[in-house]
Amino acid sequence: MSKTLTARLCIGPTDPRVAARLRYSFGAYAALYDLTVVTTGPADVVVAHGPVDEPVDVVIPDGYRVRPGSVPAPSPVWVDGLPSFHRDGSGRPDPLGEVFEWLAAPHEDAAPELDAVGRVPPRYGLARSHGLDLTVPWANRWLARLHTMVRSALPRLPEVPPSPFGSGMTFVASHDLDHLSGDRLVNARRVAKNAAIAFLHDRAPRTTAQIGVATARRVAAHRATADGVRDLLAGEAARGVTATYTAVAASGHRRDPGYRLDDDYVRRTLAEIVDAGHELAVHGSYRSLEGTGLRDEYAAMRAAGYPVRGGRQHWLRHRGGELFTALADSGAEWDSTLGYPDDVGYRHGAAFPFPPYDLTTESPHPLIEIPLAIMERALCATGDAPRDWTTAALDVLRASTDDGWGGVAVLWHDAAFTGTCMPAGLADVYWALLEAGDRWETAGEVAHRARSRWTAAQVLSVATTTATFGALHG
Ligand SMILES: [Zn+2]
């Protein structure tokens with residue numbers, strides 16, 4: 001595509017907070033559909049929200065109302081097949097308001113408690129709270145509705161969202177390194193623990209038996225018993241896929257992996273990952289959101305020679321905005337923490353990369369979130385056979401491309417490839433995804449392309465993190 005078309009949003013009389021939120025949502029539309037937003041003057045299409053005193057091309061319903069921070073979203077009303085949280089006086093949904101509800105998730109912010117690992121409980125996710133299908137990217141659906149309205153005024157617009165990667169769909173493969181050790185005793189203990197969890201907690205005696213057999217085989221073949229990094233590297237090399245691996249820089253809690261960046265086995269493993277062309281990123285430790293923890297972990301990775309640009313929280317541990325503030329302070333350009341730990345699907349209704357919204361400053365955080373759509377373990381709940389898991393995984397990824405181009409992440413722990421941790425069929429699901437004909441990019445690359453879109457949408461400014469990163473090094 002040559003030059004992108006321009007769009008301008010005119011907002012009727014309202015308070016600055018609502019205006020900031022509507023501009024953010026309109027930015028999501030422009031970023032997904034590759035429009036350049038202009039704030040003044042002429043544009044290829046002018047969109048009005050609420051009553052404005054100038055000629056416009058499209059008028060969208062003015063139904064968004066701000067709730068107090070402690071009030072969760074009310075039950076949605078179904079309108080033309082979509083769940084609506086914000087309608088105008090005539091009952092017409094406000095697409096910008098709907099998109100804000102999903103992306104910024106004020107509903108999760110209103111959660112009255114944390115779960116056992118200190119996170120906003122997944123059941124307070126907007127879709128989970130209201131019994132909505134988690135595998136439908138509802139924000140994409142609302143943006144598609146908005147696009148139908150805008151395109152009726154500007155038919156030159158493409159019918160579907162154009163991908164910044166060209167034709168086809170793009171996804172991110174990521175791997176969190178939750179255990180790395182060259183010590184036989186440490187690994188034996190880890191595998192014994194995996195077997196006990198399969199037997200007692202998951203009530204999966206078949207997996208317990210599988211763990212025994214796989215361990216014996218790997219010991220006999222002199223292969224790592226508790227980590228599957230080499231298996232993963234070999235399989236990805238064979239398929240020409242580059243992925244993102246996250247490592248824990250500092251372990252300060254019993255739920256952390258406990259390895260050290262200067263450990264010989266860890267250094268060798270991370271070097272193999274980098275030498276194979278993959279991206280190395282930060283797996284924020286259990287306590288990383290206390291004090292300057294996360295910033296120190298980014299600094300430790302960089303000091304160890306890994307120019308990290310983003311990451312994901314261990315245990316997906318976060319409580320909303322503080323994570324993104326800490327990440328911005330760390331010079332991170334992306335994050336991929338937002339997802340359901342025990343379900344597949346779209347926690348923020350978004351099957352596209354977006355900057356999280358800061359509800360305290362009423363502005364976007366200056367980094368890109370790559371939604372986590374699938375964590376391998378969650379697939380076990382979708383059926384009994386690995387065949388069901390593959391179907392479920394492919395269905396979720398395909399749902400992201402009906403009104404989008406992908407740009408979401410899947411997480412397969414390296415331990416899924418050893419046979420000594422989880423049901424062995426999960427590894428085959430991963431290989432099936434890589435062989436399904438889509439493009440696989442690193443999180444850093446997807447965030448970079450997405451950022452240009454959000455910059456053209458006037459939501460983010462041109463990257464400043466490179467400067468921060470330079471300063472951290474200088
Ligand atoms: Zn982890």
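All ligand and atom numbering here is 1-based and tracks the order in the structure. Nothing fancy with the numbering, it's 1 onward along the sequence.
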Problem set entry | Atom name in His314, limited to N/O/S, at shortest distance from the Zn ion (ligand 1) | ND1
Exercise. The Zn ion (ligand 1) is nearest to which N, O or S atom of Asp178?
Worked result: OD1
Problem set entry | Tyr259 versus Asp227, side-chain donor and acceptor atoms under 3.5 Å | no
Problem set entry | For the Zn ion (ligand 1), the closest N/O/S atom belonging to His283 | NE2
For this session: Output yes when a side-chain donor or acceptor of Arg287 lies under 3.5 Å from a complementary backbone atom of Gly252, and no otherwise.
Result: yes
Problem set entry | Candidate pair Phe417 and Trp431, rule ring pair (Phe, Tyr, Trp, His ring centres under 6.0 Å), full reasoning | CA-CA 10 Å; Phe417 298 83; Trp431 302 130; 5.2 Å; yes
Exercise. Does a side chain donor of either Glu279 or Thr242 reach within less than 3.5 Å of an acceptor in the other side chain?
Worked result: no
